[in-house]
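Let me begin by presenting the structure, written as structure tokens, before commenting on it.
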Amino acid sequence: KVNATSQFFVGCFNCEEKSLFYVVNNSVVTAGNVELVFDTELKFGLVYKGKETEINGSTVSLKKVGAGEGFLLYVKGE
């Protein structure tokens with residue numbers, strides 16, 4: 001499930017047996033908040049603004065994703 005305050009695209013991919021999600025704020029003028037909600041607790045890798053971080057849980061939230069900005073989210077494990 002995706003909750004967002006702006007126009008976001010979410011691309012879903014499978015690479016080397018890992019699920020990847022490329023999330024882009026499609027607005028050209030408005031920053032937005034986005035929340036991805038999964039059915040189960042997972043370990044995620046998040047690449048955003050050139051930095052990689054790890055997130056654990058069933059929800060991934062980012063605030064103030066700039067107009068035209070995107071990030072990569074991938075599942076590291078359960």
Side-chain angles (χ1 to χ4, degrees):
K1 178 180 173 183
V2 177
N3 300 313
T5 62
S6 186
Q7 304 168 12
F8 281 85
F9 282 131
V10 179
C12 304
F13 306 93
N14 189 357
C15 181
E16 297 179 6
E17 299 190 27
K18 290 186 180 180
S19 295
L20 307 172
F21 304 90
Y22 191 69
V23 183
V24 177
N25 181 351
N26 192 47
S27 174
V28 294
V29 294
T30 305
N33 304 331
V34 63
E35 176 182 71
L36 285 80
V37 181
F38 297 86
D39 292 335
T40 184
E41 299 274 323
L42 298 167
K43 284 185 183 179
F44 297 98
L46 172 69
V47 181
Y48 181 50
K49 293 189 176 184
K51 296 180 183 174
E52 186 170 359
T53 56
E54 187 173 295
I55 299 172
N56 296 309
S58 61
T59 302
V60 176
S61 299
L62 274 87
K63 298 194 182 291
K64 297 184 181 175
V65 177
E69 286 186 347
F71 61 90
L72 178 69
L73 182 71
Y74 62 95
V75 177
K76 293 180 85 170
E78 295 183 28

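Values reported hereafter were calculated over all heavy atoms of this structure, with side chains retained and with hydrogens, waters and symmetry mates removed.
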Separation between OH (Tyr22) and CG (Leu72), nearest 0.5 Å, reads 8.0 Å
Scanning both residues in full, the closest heavy-atom pair of Val28 with Ala67 reads C-CB, 3.5 Å
Correct closest heavy-atom pair for Gly57 and Glu41 would be CA-OE1, 3.2 Å
Heavy atoms of Leu46 and Tyr74 approach each other most closely as N-CE2, 4.4 Å
OG of Ser19 to CG of Asn14, rounded to nearest 0.5 Å, is 5.5 Å
If you take the centroid of each ring, where Trp contributes its six-membered ring, are Phe44 and Phe21 closer together than 6.0 Å? no
Distance col, row Lys43:NZ vs Ile55:CD1, nearest 0.5 angstrom, shows 13.5 Å
_I'd like to check Lys18 versus Val75 (side-chain heavy atoms, cut-off strictly below 4.5 Å). Are they in contact?_
no
field: Working for side chain to side chain contact (heavy atoms under 4.5 Å, CB included), residues Val37 and Asn3
entry: CA-CA 8 Å; Val37 181; Asn3 300 313; 4.1 Å; yes
inquiry  = Tell me if the CG atom of Asp39 is crowded by more than 12 foreign heavy atoms within 6.0 Å.
reply    = no
Answer with yes or no whether the hydrophobic clustering places Leu36 together with Phe9; edges join I, L, V, M, F, W, Y residues whose side-chain heavy atoms lie under 4.5 Å apart. no
Between the NZ atom in Lys64 and the CG atom in Asn25, the distance rounded to the nearest 0.5 Å is 14.0 Å
Minimal heavy-atom distance between Val47 and Glu52, with the atoms involved, is CG2-CG, 4.0 Å
When rounded to the nearest 0.5 Å, the distance separating CG of Leu62 from CZ of Phe8 is 8.5 Å
Shortest non-hydrogen pair, Ser6 vs Thr30, comes out as OG-O, 3.8 Å
